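Just so we're clear, the structure is a prediction, and the values are computed from it rather than from any experiment. Just so it is clear: chains get the letters A, B, ... in the order the sequence lines come, proteins before strands, and each one is counted from 1.
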There are 2 protein chains.
Amino acid sequence: MNTLAEENYLKSIYHLSLNTQNVSTNQLAALLNTKAASVTDMLKKLADKQLINYARYQGVSLSAAGEKIALQIVRKHRLWEYFLVEKLNFKWDEVHEMAEEMEHISSMELVDRLDKFMNFPKYDPHGDPIPDSDGNFKAHELKPIASIEVGGSGIISGVRDHSAGFLQYLEKQQLTIGKKIKVTEINEYDNSMILQADDKKIHISREVANNLLIVI
Amino acid sequence: MNTLAEENYLKSIYHLSLNTQNVSTNQLAALLNTKAASVTDMLKKLADKQLINYARYQGVSLSAAGEKIALQIVRKHRLWEYFLVEKLNFKWDEVHEMAEEMEHISSMELVDRLDKFMNFPKYDPHGDPIPDSDGNFKAHELKPIASIEVGGSGIISGVRDHSAGFLQYLEKQQLTIGKKIKVTEINEYDNSMILQADDKKIHISREVANNLLIVI
DNA sequence: TTATAAATTTAGACAAGTCTAAATTTATTA
DNA sequence: TAATAAATTTAGACTTGTCTAAATTTATAA
Ligand SMILES: [Mn+2]
Ligand SMILES: [Mn+2]
Ligand SMILES: [Mn+2]
Ligand SMILES: [Mn+2]
């Protein structure tokens with residue numbers, strides 16, 4: 001079907017498309033850890049295959065066919081992450097690289113059975129929605145904690161930064177998916193916030209508040 | 001570490017080495033579904049990496065380092081096959097191609113946890129032994145049913161032919177791993193055999209008898 | 001609105017892995 | 001043992017995916 005490289009490009013275009021209309025060559029190069037020239041080469045190939053809409057110098061978006069493929073890869077990635085955490089007891093900061101490889105296992109029958117085996121989970125260990133076999137999913141209505149005012153509360157349901165460092169920090173602070181938090185104080189000087197979670201007060205920086213997402 | 005192609009070559013050399021001292025270029029080409037010239041190219045590469053012992057025109061064998069890698073791939077292949085059958089309910093004739101991809105997932109931590117998750121199985125769905133994380137395993141003392149005389153009996157514990165067609169045939173005849181059988185009759189004309197299994201009489205050809213292995 | 005900067009593409013090269021066709025070595029057999 | 005056949009290797013080419021350096025296009029800003 002599609003090569004491993006093609007799949008990684010499609011998935012990256014998908015992710016970047018969530019924030020911008022047209023994805024730029026440089027954005028892709030940064031995310032894929034490659035060079036702009038290499039990206040251009042691949043974009044030509046994907047355009048030939050009708051998987052993307054591409055006009056020279058104008059950036060790129062997924063075609064319907066490309067999005068379908070991207071969603072299947074995202075589905076596999078998130079299901080394998082769920083498997084690694086729930087069945088093999090990995091921590092949420094340990095699974096990304098492994099899933100990066102596993103998402104390319106081609107059998108659809110396999111991923112559907114895996115889905116069933118785990119009882120059709122709707123969200124991965126980082127709170128990201130898992131598309132079903134048709135590519136459909138419902139995302140949470142997420143807001144960064146930074147956007148909440150004093151007195152507001154919600155349930156931690158996602159992260160904006162998926163890096164192992166950030167995830168480990170959150171784990172240490174016990175700020176994990178599903179936890180109910182309330183904003184009790186905002187420091188005017190640096191905009192850092194104090195949260196009430198269970199019986200603890202947790203002090204988080206503005207940067208953390210920007211990258212930690214809740215459902216109200 | 002090693003590329004996917006290199007891993008597949010090492011594994012193939014390993015399998016062929018079980019029957020012959022030095023593996024030939026043509027044997028590898030046949031098993032890997034490629035051409036002899038391609039095999040020669042790869043053998044040079046693997047020899048440079050000290051993973052095989054190779055002398056031009058003389059065939060090839062694994063070095064200690066090469067065998068270690070091959071055993072890890074075999075371990076992963078068989079553990080994933082076990083997972084697919086025991087956890088995801090695939091049939092034993094359906095899992096080979098998927099495991100062919102999954103065996104290349106690199107994380108050793110992952111495979112060790114998978115092993116633990118499944119309670120350290122010793123044999124894969126086809127009766128082949130699963131190496132432990134150090135590459136050690138104990139193979140069954142296997143004999144083809146064809147070598148048994150009338151009155152002899154044993155437990156089905158392996159197959160010589162792993163093709164889906166053969167496995168499906170065995171399944172249909174209920175000649176599956178673990179079943180106790182007894183040879184009740186050998187037809188002199190075509191050497192076909194009649195087996196007693198549970199309460200059934202099963203008639204098998206010489207060819208089947210050669211490819212079905214038992215422990216006495 | 002022109003000059004400069006930034007982004008992107010093109011040109012040309014390279015490594016991995018494969019192939020066909022030709023050359024070489026080894027095995028077989030007359 | 002010499003001729004022929006079979007197996008293997010070499011030569012040269014091709015594809016995929018990548019890179020650097022140079023050229024081109026688009027964006028920004030004086
Ligand atoms: Mn990937
Ligand atoms: Mn995730
Ligand atoms: Mn393989
Ligand atoms: Mn097997």
Side-chain angles (χ1 to χ4, degrees), chain A residues 1-17 19-62 66 69-70 73 100-101 103-104 106, chain B residues 1-17 19-62 66 69-70 73 100-101 103-104 106:
Chain A
M1 263 287 338
N2 300 292
T3 67
L4 187 143
E6 287 168 348
E7 290 190 349
N8 283 334
Y9 273 86
L10 291 173
K11 192 183 60 159
S12 293
I13 296 167
Y14 174 80
H15 285 313
L16 292 170
S17 293
N19 299 316
T20 36
Q21 193 59 39
N22 269 17
V23 175
S24 76
T25 301
N26 272 352
Q27 281 178 294
L28 277 168
L31 185 57
L32 286 161
N33 240 284
T34 184
K35 298 298 152 73
S38 308
V39 173
T40 300
D41 289 341
M42 181 59 89
L43 293 184
K44 286 182 198 162
K45 215 173 303 178
L46 293 173
D48 282 349
K49 286 189 159 195
Q50 318 236 36
L51 298 176
I52 58 172
N53 310 115
Y54 172 57
R56 267 153 75 259
Y57 294 100
Q58 302 308 305
V60 67
S61 64
L62 290 174
I69 293 168
I73 301 165
E100 206 58 43
E101 293 182 48
E103 71 192 359
H104 303 288
S106 57
Chain B
M1 262 287 333
N2 300 292
T3 67
L4 187 142
E6 286 168 349
E7 291 190 348
N8 283 335
Y9 273 86
L10 291 174
K11 192 184 60 160
S12 294
I13 295 167
Y14 174 80
H15 285 313
L16 292 170
S17 293
N19 299 315
T20 35
Q21 192 59 38
N22 269 15
V23 176
S24 76
T25 302
N26 271 352
Q27 279 179 295
L28 278 168
L31 185 57
L32 285 161
N33 241 284
T34 183
K35 297 299 153 71
S38 307
V39 172
T40 299
D41 289 341
M42 180 59 89
L43 293 184
K44 286 183 199 161
K45 216 173 303 179
L46 293 173
D48 283 350
K49 286 190 158 193
Q50 318 236 38
L51 298 176
I52 58 172
N53 310 114
Y54 171 56
R56 266 156 74 261
Y57 294 102
Q58 303 308 306
V60 68
S61 64
L62 291 174
I69 294 168
I73 301 164
E100 206 59 43
E101 293 181 50
E103 70 191 1
H104 302 289
S106 57

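- Distance L10(A) CG to dG17(D) C1': 15 Å, rounded to the nearest Å.
- At whole-Å resolution of the value, CG in L43(A) and C1' in dT9(C) are 11 Å apart.
- The side chain of R56(A) places no N or O atom within less than 4.0 Å of a non-bridging phosphate oxygen (OP1 or OP2) of dA7(C).
- One finds a side-chain N or O of T34(B) lying less than 4.0 angstrom from the OP1 or OP2 phosphate oxygen of dC19(C).
- Atom CD of Q50(A) has 12 or fewer heavy atoms from other residues, nucleotides or ligands within 6.0 Å.
- The phosphate of dA16(C) has neither OP1 nor OP2 within less than 4.0 Å of any side-chain N or O from T3(B).
- Counting non-hydrogen atoms under 4.0 angstrom, A5(A) reaches the backbone sugars and phosphates but no base.
- Rounded to an integer number of Å, the gap from L32(B) CG to dA16(C) P is 19 Å.
- For D48(A) and dT15(D), the CG to C1' distance is 14 Å, given to the nearest whole Å.
- For the OP1/OP2 pair of dA16(C) and a distance below 4.0 Å, the side-chain nitrogens and oxygens of K45(B) include no atom meeting the criterion.
- Between N26(A) and dT8(C), a side-chain N or O to OP1/OP2 separation shorter than 4.0 Å is present.
- Rounded to the nearest 0.5 angstrom, K49(B) NZ and L10(B) CG are separated by 8.5 Å.
- Here N8(B) contributes atom CG and N33(B) contributes atom CG; the two are 11.5 Å apart, rounded to the nearest 0.5 Å.
- Between the NZ atom of K44(B) and the P atom of dA11(D) there is a distance of 8 Å, rounded to whole Å.
- Proximity of K35(B) to the phosphate of dT20(C): a side-chain N or O atom is located under 4.0 Å from OP1 or OP2.
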For residues 51-58 of chain B, run the donor-acceptor check on the side chains, cut-off 3.5 Å, and write out each pair with its distance to 0.1 Å, sequence neighbours left out.
| from | atom 1 | to | atom 2 | distance (Å) |
| --- | --- | --- | --- | --- |
| N53(B) | OD1 | S61(B) | OG | 3.2 |

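- Look at Y57(B) and you won't find any side-chain N or O under 4.0 angstrom from OP1 or OP2 of dA6(D).
- Within the structure, a side-chain polar atom (N or O) of Y54(A) is placed less than 4.0 Å from OP1 or OP2 of dT9(C).
- Protein atom CG of N33(A) is 13 Å distant from nucleotide atom C1' of dT18(D), rounded to whole Å.
- Note that CD of E101(B) and CG of L4(B) are 9.0 Å apart. Values are rounded to the nearest 0.5 Å.
- L28(B) places its CG atom 10 Å from the P atom of dT9(D), with the value rounded to the nearest Å.
- The phosphate of dT18(C) has neither OP1 nor OP2 within less than 4.0 Å of any side-chain N or O from S38(B).
- The side chain of A37(A) approaches dT20(D) more closely than any other nucleotide in the set dT10(D), dT18(C), dT20(D).
- D41(B) places its CG atom 10 Å from the C1' atom of dC19(C), with the value rounded to the nearest Å.
- At the heavy-atom level, T25(A) lies under 4.0 Å from the strands shown only through sugar-phosphate atoms.
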